[in-house]
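Here the structure is laid out as structure tokens; the discussion comes afterwards.
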Amino acid sequence: MTSPQPRPNVADIPPYVAGKPPTVRPGMVSYKLSSNENPYPPLPGVVEAVQQAVGQMNRYPDMGSSALYAKLAETFDVPADHLSVATGSVGLIYQLVQAFCDPGDEVVFAWRSFEAYPIAVTAAGATSVRVPVLPDGRHDLDAMAAAVTDRTKVVLVCTPNNPTGPAVTQAELDAFLAKVPSHVLVVVDEAYVEFVRSTDPVDGVATYRRHDNVVLTRTFSKAYGLAGFRVGYAVAPAPIAAALRAVSLPFGVSTVAQVAAIASLERRDELLERVEALVAERTRVVDGLRERGWDVPEAQGNFVWFELGERTADFALAADELGIVVRPFAGEGARVSIGEPEANDRLLQLAETFPR
Ligand SMILES: *Cc1c(COP(=O)(O)O)cnc(C)c1O
């Protein structure tokens with residue numbers, strides 16, 4: 001008797017390790033710093049808009065997400081047909097690989113980087129080509145350009161890089177794009193773009209306008225605080241955006257997600273003030289860590305990376321005892337999100353007592 005068998009690559013898909021919820025400790029508030037979520041509750045107005053929309057749950061969402069496309073086009077000054085919305089930017093990354101890779105085609109990305117990349121690539125039957133990040137956690141863009149072969153269809157550039165933290169500069173990205181053949185799609189994953197405070201930040205929109213092979217992926221999950229609603233968008237030249245829309249899950253982005261995203265874009269100034277406060281906390285944390293002798297990489301997202309090697313599990317345990325849950329990567333290091341000031345204080349307390 002034979003049973004139905006999935007394609008062989010399915011067994012090779014690495015698991016996605018989600019950030020753990022905080023451990024409940026009697027008499028102590030615990031904080032989740034393991035998923036790079038926004039610690040602020042939704043803005044007033046966003047919740048009300050969503051509450052209104054909840055009454056339509058018996059109806060399918062607007063499949064064309066037309067109001068959201070219009071709002072994104074206006075906000076970022078791009079044509080609506082250069083956009084594709086999806087169930088989070090993870091959804092977009094799956095769609096990109098699905099639309100551009102045949103089995104055996106290669107996708108180049110930095111490593112360690114976002115853990116969804118090898119999952120999306122393997123699920124499509126494509127091949128991951130991992131290029132180690134530099135010792136300071138930055139992308140090695142020269143090595144990534146050199147890793148492009150005849151089989152390469154996509155290169156993923158994660159900036160700021162999750163989990164190590166540094167951002168690519170515009171000069172670095174320009175030099176990289178000059179080396180990559182024009183038939184190779186370059187995806188700039190800008191999940192944390194709102195948090196970047198570099199002296200030479202990437203201007204993603206200006207860059208995609210200059211290159212027919214560049215696509216930006218962005219999300220409402222991080223700076224906008226809508227992680228629970230699963231909505232992200234790509235900005236790309238019209239043919240690429242059309243390919244993304246063609247492979248998208250019909251009705252994937254729910255009505256409440258569309259409404260929440262539009263309401264958030266309408267309150268973008270208020271949201272960006274919150275981002276500013278998180279950036280100030282990030283500066284306080286990074287400065288505090290360095291004063292305590294921790295050599296952490298440049299942090300341009302809403303998280304800090306600790307390279308700990310074999311001590312990673314001990315660090316995660318010590319953090320847990322202080323009521324903060326971090327995201328350990330076994331044998332490599334731990335990523336800690338910037339959270340509430342009290343949570344950040346506990347991280348600094350941990351940095352004081354845990355051996356460097
Ligand atoms: C969080 C994150 C995403 C976005 O995830 P969503 O699916 O939009 O929630 C994409 N890329 C990176 C690097 C991330 O860290």
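Numbering of ligands and ligand atoms starts at 1, following listing order. Side chains are part of it too, since the values below use all heavy atoms of this structure and drop only hydrogens, waters and symmetry mates.
Salt-bridge formation is detected for the pair Arg197/Glu276: a Lys NZ or Arg NE/NH1/NH2 atom is positioned less than 4.0 Å from an Asp or Glu carboxylate oxygen. Between Asp189 and Arg218 there is no salt bridge, since none of the side-chain N atoms of the basic residue sits less than 4.0 Å from a carboxylate O of the acidic one. Between Glu342 and Arg346, at least one side-chain nitrogen of the basic residue sits less than 4.0 Å from a carboxylate oxygen of the acidic one, meeting the salt-bridge criterion. At a threshold of 4.0 Å, the pair Asp345-Arg284 counts as salt-bridged, since one of the basic side-chain nitrogens sits closer than that to a carboxylate oxygen. With respect to the salt-bridge test (charged N to carboxylate O, under 4.0 angstrom), the residues Asp320 and Lys20 do not qualify. With respect to the salt-bridge test (charged N to carboxylate O, under 4.0 angstrom), the residues Arg327 and Glu115 qualify. A salt bridge does not link Glu194 to Lys222: none of the charged side-chain nitrogens sits closer than 4.0 Å to a carboxylate oxygen. A salt bridge links Glu37 with Lys32: the distance from a Lys NZ or Arg NE/NH1/NH2 to an Asp or Glu carboxylate oxygen falls below 4.0 Å.
Closest protein heavy atom to atom 14 (C) of ligand 1: Lys222 NZ, 3.2 Å. Shortest contact from atom 7 (O) of ligand 1 to any protein heavy atom: Arg230 NH2, 2.6 Å. Nearest protein heavy-atom contact of atom 11 (N) of ligand 1 is Asp189 OD2, 2.7 Å.
Note: an N/O pair closer than 3.5 Å links Thr219 and ligand 1 by distance alone. Any N or O atom pair closer than 3.5 Å counts here, and Cys158 shares no such pair with ligand 1.
The shortest distance between side-chain heavy atoms of Gln258 and Pro61 falls below 4.5 Å.
Comparing Gly228, Ala86, Ser221 against atom 9 (O) of ligand 1, the shortest heavy-atom distance belongs to Ser221. Looking at Tyr192, Phe114, Tyr94, it is Tyr192 that brings a heavy atom closest to atom 15 (O) of ligand 1.
Under a 4.0 Å criterion applied to the non-hydrogen atoms of Gly88, ligand 1 contributes the atoms 6 (P), 7 (O), 8 (O). Less than 4.0 angstrom separates some heavy atom of Ala191 from each of these atoms of ligand 1: 2 (C), 3 (C), 10 (C), 11 (N), 12 (C), 14 (C). Interface atoms of ligand 1 facing Asn162, defined by a heavy-atom separation under 4.0 Å, are 13 (C), 14 (C), 15 (O).
Residue Gly232 places no heavy atom under 4.0 Å from ligand 1. Heavy-atom distances between Asn36 and ligand 1 stay at or above 4.0 Å for every pair. Remark: distances from the non-hydrogen atoms of Ala227 to ligand 1 are all 4.0 Å or more.
Heavy atoms of Phe220 found under 4.0 angstrom from ligand 1: none, in either backbone or side chain. With a heavy-atom cut-off of 4.0 Å, Ser89 touches ligand 1 through backbone and side chain alike.
Taking the six-membered ring where tryptophan is involved, the planes of Phe306 and Phe315 are tilted, since the angle between them lies from 30° to 60°.
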